Amino acid sequence: FAKKKKLAEAVAVFDELKASGGQPTVHTYTAVVNACVRSGAIDSARKYMEEMRERGIAPNVVTMTAWLKGVCDSDDLSEGRALLYSMNSGGVEV
């Protein structure tokens with residue numbers, strides 16, 4: 001879905017997973033964050049990043065890389081720098 005920029009479909013599948021009692025994982029969150037970023041829906045990506053953390057799911061390097069791309073694409077360079085710093089200080093090799 002992310003490669004084809006089919007955000008609505010990605011979100012629908014993700015929501016269906018949660019509605020059916022399935023537990024999202026870092027991989028499913030990464031997929032939906034990446035779909036949001038590739039579609040330019042940075043606010044939606046931010047929402048999923050926050051939801052992921054609220055559920056106690058730690059983002060992996062792929063999640064963080066997708067999120068960093070989204071932040072930088074939104075021209076929020078100060079947030080991008082802060083994110084890069086937090087990734088580096090958090091043990092994510094950058």
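Only a predicted model underlies this, so the values are computations on that prediction, with no experimental measurement involved.
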*Stepwise, does the side chain to side chain contact (heavy atoms under 4.5 Å, CB included) test hold for Arg38 with Leu7?*
CA-CA 8 Å; Arg38 286 178 174 250; Leu7 179 58; over 6 Å; no

*Would you mind telling me which of Val33, Val32, Thr28, Val26 makes a side-chain contact (heavy atoms from CB on, under 4.5 Å) with Thr30?*
Val26

_Checking His27 against Thr63 for the side chain to side chain contact (heavy atoms under 4.5 Å, CB included) test, could you report, in this order, the C-alpha distance in whole Å, the side-chain angles of both residues, the deciding distance, and whether it holds?_
CA-CA 8 Å; His27 305 292; Thr63 315; over 6 Å; no

*When rounded to the nearest 0.5 angstrom, what distance separates CG in Leu83 from SG in Cys72?*
8.0 Å

*Roughly how far, to the nearest 0.5 Å, is the CD atom of Glu16 from the CD atom of Glu9?*
12.5 Å

*Who pairs with Lys18 by side chain to side chain contact (heavy atoms under 4.5 Å, CB included), at least two apart in sequence or on another chain?*
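Partners of Lys18 by the side chain to side chain contact (heavy atoms under 4.5 Å, CB included) criterion, ordered by chain and then number, come out as Phe14, Asp15, Pro24, Glu51, Arg55.
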
*asked:* One pair to check against side chain to side chain contact (heavy atoms under 4.5 Å, CB included): Ile42 and Trp67. What are the steps and the verdict?
replied: CA-CA 9 Å; Ile42 305 308; Trp67 179 229; 4.1 Å; yes

*Does some side-chain heavy atom of Arg46 sit less than 4.5 Å from a side-chain heavy atom of Glu79?*
yes

*Is it the case that one hydrophobic cluster holds both Leu17 and Val13, taking links as side-chain heavy atoms less than 4.5 Å apart, direct or via other members?*
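Per the 4.5 Å side-chain linkage, Leu17 and Val13 are not co-clustered.
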
*Any donor-acceptor pair under 3.5 Å linking the side chain of Ser39 with the backbone of Ala41?*
no

